[in-house]
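Report on one structure; see the data block that follows.
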Amino acid sequence: MDIRFRLRRARVNKAERRAIATGLLFVSPWLIGFIVFTVYPVIASAYLSFTDFRVLSPPRWVGLANYQALLADHDYFWPSMVNTAFMFLELPIGLVMGLALAMLLDVKLRGIAIYRTIFYIPSIVPVVANAVLWLWVLNPEHGLVNAALRALHIVGPPWMASPAWSKPGMILMDLWGVGGGMVIYLAALQQVPQSLYEAASLDGANGWQKIWFVTLPSISPVIFFNLIMGVIGTFQYFAQTFVMTNGGPNNSTLFYALYLYQNAFQYFRMGTACAMAWILFLITLLATVLVFKSSARWVYYEGEAK
């Protein structure tokens with residue numbers, strides 16, 4: 001019996017090993033890609049952040065010199081941090097606008113799908129095409145925005161030609177694309193049980209009370225998702241300023257991601273760029289952890305006891 005049991009177990013182990021080998025064979029393309037294009041670059045960038053690496057010459061170990069130089073850089077590094085922080089003004093405005101549009105379009109009217117499509121289309125315009133379009137729209141002399149302001153006898157600002165107005169101009173451009181968030185909010189609003197609104201009506205709740213005590217708590221997980229994505233996206237703000245201003249005028253749109261790119265591919269200070277990437281990762285991680293920690297106070301999930 002003991003010999004038969006061992007033979008049977010050996011066959012099972014052999015079959016399990018064959019199954020594992022087959023599974024690894026099927027996932028090997030993804031596994032190889034993950035190791036080559038994700039794990040290795042992460043490890044390499046961590047190492048290079050402690051070196052002086054100019055691409056064309058071998059990396060030279062410098063320890064914390066790159067980080068110390070960045071923290072002492074008051075001409076570019078800290079202004080890029082301030083410029084990026086300024087763009088967080090866009091985040092609450094975009095969240096509120098997207099939610100407001102979704103609530104306005106969450107009605108059953110004939111042709112409402114057309115209006116939803118109109119508001120959604122700007123969010124799927126490619127970033128480069130969108131940036132080129134808004135360069136014209138915000139042109140101080142011939143742009144549509146200043147032309148509309150002149151029709152109201154208001155002198156329009158110079159927008160991208162002014163250090164004071166360049167970042168507000170980019171915020172205005174980004175708010176044009178709130179349709180992406182609107183669609184997500186709209187899907188969430190349509191999942192709110194009507195019985196909750198009926199119960200609130202029986203309790204004497206008015207329209208604003210229904211929004212505050214029924215709608216917002218019911219869709220709070222979606223608000224939380226859009227907030228997290230907005231935080232991460234703001235820290236990575238790059239393509240618009242790269243196309244429109246390349247950091248100008250007077251470094252007023254030199255955002256963190258753009259300065260990182262310039263260090264890596266214009267100045268070929270790859271070690272400095274890697275150090276910036278890790279600083280960005282740690283800041284983004286800290287910000288998202290804080291948002292996650294705060295979510296326990298205002299995010300409600302169906303069936304969860306509070």
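Nothing fancy with the numbering, it's 1 onward along the sequence.
- At distances below 3.5 Å, at least one donor-acceptor pair connects side-chain atoms of Gln209 with backbone N or O atoms of Asn206.
- Trp165 places a side-chain heavy atom less than 4.5 Å from the side chain of Pro158.
- At distances below 3.5 Å, not a single donor-acceptor pair connects side-chain atoms of Asp203 with backbone N or O atoms of Ala205.
- If you take OG1 on Thr253 and CZ on Phe242, they are separated by 12.0 Å, rounding to the nearest 0.5 Å.
- Using a 30° and 60° split on the angle between ring planes, Phe238 and Tyr261 fall in the tilted class, from 30° to 60°.
- Looking at every heavy atom in both residues, Val222 comes nearest to Ala188 through CG2-CB, 3.4 Å.
- One N or O on the side chain of Arg116 and one on the backbone of Leu105 form a donor-acceptor pair closer than 3.5 Å.
- Leu189 is not connected to Tyr115 by any chain of hydrophobic side-chain contacts under 4.5 Å among Ile, Leu, Val, Met, Phe, Trp and Tyr, and they are in different clusters.
- The closest side-chain heavy-atom distance from Trp78 to Leu71 is below 4.5 Å.
- Put simply, the side chain of Asn83 gets close to the backbone of Pro79: a donor and an acceptor are under 3.5 Å apart.
- Residues Met97 and Tyr185 fall into different hydrophobic clusters, defined by Ile, Leu, Val, Met, Phe, Trp and Tyr side chains chained together at heavy-atom separations under 4.5 Å.
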side-chain contact (heavy atoms from CB on, under 4.5 Å) between Ile219 and Leu99, worked out: CA-CA 10 Å; Ile219 67 170; Leu99 179 57; 3.4 Å; yes
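- Note on Ile279 and Phe50: same hydrophobic cluster, where clusters join Ile, Leu, Val, Met, Phe, Trp and Tyr whose side-chain heavy atoms are under 4.5 Å apart, directly or indirectly.
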Residues Tyr237, Thr84; criterion side-chain contact (heavy atoms from CB on, under 4.5 Å); working and verdict: CA-CA 8 Å; Tyr237 201 88; Thr84 303; 5.7 Å; no
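- The hydrophobic clustering, which links ILVMFWY residues whose side-chain heavy atoms are closer than 4.5 Å, places Val132 and Met170 apart.
- The neighbour count for Trp61 CH2, taken as heavy atoms of other residues, nucleotides or ligands under 6.0 Å away, is above 12.
- Within the structure, salt bridge (Lys or Arg N to Asp or Glu O under 4.0 Å) pairs that include any residue of residues 34-52 comprise Asp52-Arg54, Asp52-Arg60 (at least two apart or interchain).
- Atom OH of Tyr40 sits in a sparse spot, with 12 or fewer heavy atoms from other residues, nucleotides or ligands closer than 6.0 Å.
- Residues Leu290 make up the rest of the hydrophobic cluster containing Leu286, defined by ILVMFWY side-chain heavy atoms closer than 4.5 Å, directly or through other members.
- In this structure, the side chains of Leu175 and Val178 come closer than 4.5 Å at one or more pairs of heavy atoms.
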Pair Asn146-Glu141, side-chain contact (heavy atoms from CB on, under 4.5 Å): steps then yes or no: CA-CA 7 Å; Asn146 281 9; Glu141 299 296 329; over 6 Å; no
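- Considering OG1 of Thr245 and CZ of Phe255, their distance stands at 7.0 Å, rounded to 0.5 Å.
- Arg297 CZ to Ser220 OG: the interatomic distance, rounded to the nearest 0.5 Å, is 15.0 Å.
- Taking the side chain as every heavy atom from C-beta outward, Ile223 and Trp298 approach each other to under 4.5 Å.
- Nearest heavy-atom pair, Asn66 versus Leu48, reported as atom, atom and distance to 0.1 Å: ND2-O, 4.1 Å.
- Ring centroid separation for the pair Phe268 and Phe53 does not come in under the 6.0 Å cut-off.
- Within 6.0 Å of the CD1 atom in Ile114, the count of heavy atoms belonging to other residues, nucleotides or ligands does not exceed 12.
- The backbone N or O of Ser252 lies less than 3.5 Å from no partner atom in the side chain of Asn250, so there is not a single donor-acceptor pair.
- Heavy atoms from other residues, nucleotides or ligands lying under 6.0 Å from CZ of Phe86 number more than 12.
- Nearest heavy-atom pair across Ser162 and Pro249 is C-CG, 3.6 Å.
- Here the CE-CG distance, from Met276 to Leu260, works out to 5.0 Å after rounding to the nearest 0.5 Å.
- By the 6.0 Å and 45° rule, Lys210 does not stack over the aromatic ring of Tyr197.
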Trace of the side-chain contact (heavy atoms from CB on, under 4.5 Å) decision for Trp176 with Asn130: CA-CA 10 Å; Trp176 185 61; Asn130 188 53; 3.0 Å; yes
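- Between Tyr256 and the options Tyr76, Phe281, Phe77, a ring pair (Phe, Tyr, Trp, His ring centres under 6.0 Å) holds for only Phe77.
- When every heavy atom of Gly247 is checked against every heavy atom of Thr241, the shortest pair comes out as N-OG1, 3.6 Å.
- A donor-acceptor contact under 3.5 angstrom links the side chains of Tyr67 and Ser49, judged on distance only.
- Residues Val231 and Trp278 share a single hydrophobic cluster, defined by chaining ILVMFWY side chains whose heavy atoms lie under 4.5 Å apart.
- Expressed to the nearest 0.5 Å, how far CD of Gln191 lies from CG of Leu186 amounts to 10.5 Å.
- The shortest distance between side-chain heavy atoms of Asp174 and Trp134 does not fall below 4.5 Å.
- Remark: the Tyr259 side chain and the Asp73 side chain contain an N/O donor-acceptor pair separated by less than 3.5 Å.
- One distance of note links CG of Leu64 with CG of Leu70; it measures 11.5 Å at 0.5 Å rounding.
- When every heavy atom of Asp75 is checked against every heavy atom of Asn251, the shortest pair comes out as O-ND2, 4.4 Å.
- Across Ser294 and Val291, no two heavy atoms sit closer than the pair OG-O, 2.8 Å.
- Contact of the Leu258 side chain with the Asn246 side chain is registered, since non-hydrogen atoms from C-beta on lie closer than 4.5 Å.
- Side-chain atoms of Ser166 and Trp159 form no donor-acceptor pair, as typed in the model, at a separation below 3.5 Å.
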